[in-house]
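The structure displayed is predicted, hence computed values, not measured ones. Just so it is clear: chains get the letters A, B, ... in the order the sequence lines come, proteins before strands, and each one is counted from 1.
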Amino acid sequence: MQFELKLTDPQSAARRGTITTAHGVIETPAFMPVGTAGAVKAVHMRELKNDIKAQIILGNTYHLYLRPGLNILAEAGGLHKFNGWSGPILTDSGGYQVYSLTDRRKLNEEGVMFNSHIDGSKHMFTPEYVMDIQRVIGADIIMAFDECTPWPCEYEYASKSLDLTHRWLKRCMSRFKETDPHYGYEQSLFPIVQGSTFRDLRIKSAEEIAGYNADGNAIGGLSVGEPAEQMYEMTELVCGILPADKPRYLMGVGTPANILENIALGIDMFDCVMPTRNGRNGMLFTSKGTINLRNEKWKDDFSPLDPDGIAYVDHEYSRAYVKHLFKAGEMLGPMIASIHNLAFYQWLVLEARTHIEAGDFTSWKTAMVKQLSVRL
RNA sequence: GUGGUUUUAGCUCAGUUGGUUAGAGCGCCUGGUUGUGGUCCAGGAGGUCGUGGGUUCGAACCCCAUAUUCCACC
């Protein structure tokens, strides 16, 4: 994997770059749709590629390991061949599940024992094993196994957890170096900065992570409930320490406004379930603000779903019709909303790239953030 | 015609020996959702208990009349 930093915005820390992987090129800043179980929920790969124009999608180590399992993935020849997505893929390590499935796991120095949410069976995830699993899945970019801490979080806990995450990172790096890719193309391992919302812990972690000089670096443990201002404070702090010539990935973020603000602070890559999850529940993000399609006021609004939208669904269907689909429980509703939201997120980062190149990113961002908060 | 049965929220129904402000599911309205245990979660509105009398300190519940649903028999 190679990162070419093309230019930095003189008025902010925003950057414009290009990541080249074995499966294709990613223009940054980039947004990566989430496909936890090997599928971006409710969306065909064909739509993802042709209509949404996603450059890279995510998968999840924990979920793919449990289902379909390593044997099937190996037999298929890796996730790309299994799910038909020929572009770049990034897998999360299961570190987020350490946080989200906190009542189904036990954590110790060695790793995390998960109680499967499917059948209750026990599975030990060590940093080494998580690397092995991600070799089998075969994503272009794989993530270190970490502990994503909750918020709020006691300083003592955040500090101890951070040290554990750093020890795990060392083990991840060793195993990664000792092993080879399974399918004939290169994989890159990204370490993850933790430290909750404590400045000294974030500085310590960012310095530790920077020392590995990895192909790219991630910031985790944010957007877990803390106020947005604290998230921005941590991002800014960490971006000042991480290498400038490597892509920076802010994990799990976020709302359209969160993405623009973090681009301004120096983030290159984002992922978030919001466009798909909220889409499945009837919420649309648009350049003029958000739409709750469940609201009664849309029932006889026959205007296009999003007159400013770039996706074909924006002009093919009316708000009244898609509202009806949600009310009727028709699965086409979540499909249309997911396509719209993902296309909107792609449009948003495309515009950001264009404005960084044009040199007017900051003024564009300020105006856009204001519009995004409107409730239509 | 006779005997029985039914009637409670928009819909389908609970409701104890008569005892505070009559409940549920669905539907409706409104929120929420940030490295996906999510077709999910939370909140809200909505009832003259078929109708009219009566008994009782107190009635969805007991009594009378009447309307109504369904069933059986003439």
Base, sugar-phosphate, or nothing: which does [X] touch, judged by heavy atoms less than 4.0 Å apart?
X	answer
Arg375(A)	sugar-phosphate
Leu90(A)	nothing
Asp271(A)	sugar-phosphate
Glu226(A)	nothing
Gly333(A)	nothing

May I ask you to evaluate whether [X] reaches the phosphate of [N], defined as a side-chain N or O under 4.0 Å from OP1 or OP2?
X	N	answer
Asn295(A)	C29(B)	no
Lys327(A)	C26(B)	no
Thr36(A)	U36(B)	yes
Gln97(A)	G37(B)	yes
His63(A)	G37(B)	yes

When the distance from [atom1] of [X] to [atom2] of [N] is rounded to whole Å, what number comes out?
X	N	atom1	atom2	answer
Tyr99(A)	U36(B)	OH	P	11 Å
Asn262(A)	U34(B)	CG	P	16 Å
Glu296(A)	G27(B)	CD	P	16 Å
Phe190(A)	G35(B)	CZ	C1'	13 Å
Asn278(A)	U39(B)	CG	P	13 Å
Asn281(A)	A42(B)	CG	P	13 Å
Lys297(A)	G31(B)	NZ	P	7 Å
Met274(A)	C40(B)	CE	C1'	15 Å

No-H, no-angle donor-acceptor pair, [X] side chain to [N] base, under 3.5 Å:
X	N	answer
Arg294(A)	G31(B)	yes
Asp146(A)	G35(B)	yes
Arg277(A)	U36(B)	yes
Ser100(A)	U36(B)	no
Arg280(A)	G38(B)	no

Side chain of [X]: nearest nucleotide among [options]?
X	options	result
His117(A)	G37(B), U33(B), U34(B)	G37(B)
Ser223(A)	U34(B), G35(B), G37(B)	U34(B)
Leu58(A)	U34(B), G35(B), C40(B)	G35(B)

Separation between the [atom1] atoms of [N] and [M], rounded to whole Å:
N	M	atom1	answer
G18(B)	U55(B)	C1'	12 Å
C74(B)	U48(B)	C1'	40 Å
G37(B)	G50(B)	P	49 Å
C29(B)	G1(B)	P	46 Å
A14(B)	U8(B)	C1'	10 Å
U17(B)	C61(B)	C1'	11 Å
G53(B)	U16(B)	C1'	28 Å
U34(B)	G15(B)	C1'	44 Å

Could you tell me whether [X] and [Y] make a salt bridge, using a distance below 4.0 angstrom between a side-chain N and a carboxylate O?
X	Y	value
Arg15(A)	Asp245(A)	no
Glu357(A)	Lys6(A)	no
Glu296(A)	Lys323(A)	no

- prompt: If each of Asp103(A) and Asn258(A) is mapped to the nucleotide of RNA chain B with the nearest heavy atom, which maps nearer the 5' terminus, i.e. the 5' end?
  reply: Asn258(A)
Residue mapping more 5' on RNA chain B - nearest nucleotide basis, Val224(A) or Lys323(A): Lys323(A)
- request: Please give the nucleotide sitting opposite U36(B) as a Watson-Crick or G-U wobble pair, both distances under 3.5 Å, or none.
  value: none
- prompt: Now, which nucleotide makes the Watson-Crick or G-U wobble pair with U66(B), with each of the two distances under 3.5 Å?
  reply: G50(B)
task: Have a look at His123(A) and tell me which of Phe114(A), Tyr129(A), Tyr65(A) forms a ring pair (Phe, Tyr, Trp, His ring centres under 6.0 Å) with it.
output: Tyr65(A)
query: With sequence neighbours left out, what residues match Lys288(A) under side-chain hydrogen bond (donor to acceptor under 3.5 Å, both in side chains)?
result: Asp308(A)
query: Going by atom types alone, do Arg135(A) and Gln187(A) pair a side-chain donor with an acceptor below 3.5 Å?
result: yes
query: Any chance the side chains of Tyr232(A) and Asn258(A) put a donor and an acceptor closer than 3.5 Å?
result: yes
- prompt: Does some side-chain heavy atom of Leu265(A) sit less than 4.5 Å from a side-chain heavy atom of Asn262(A)?
  reply: yes
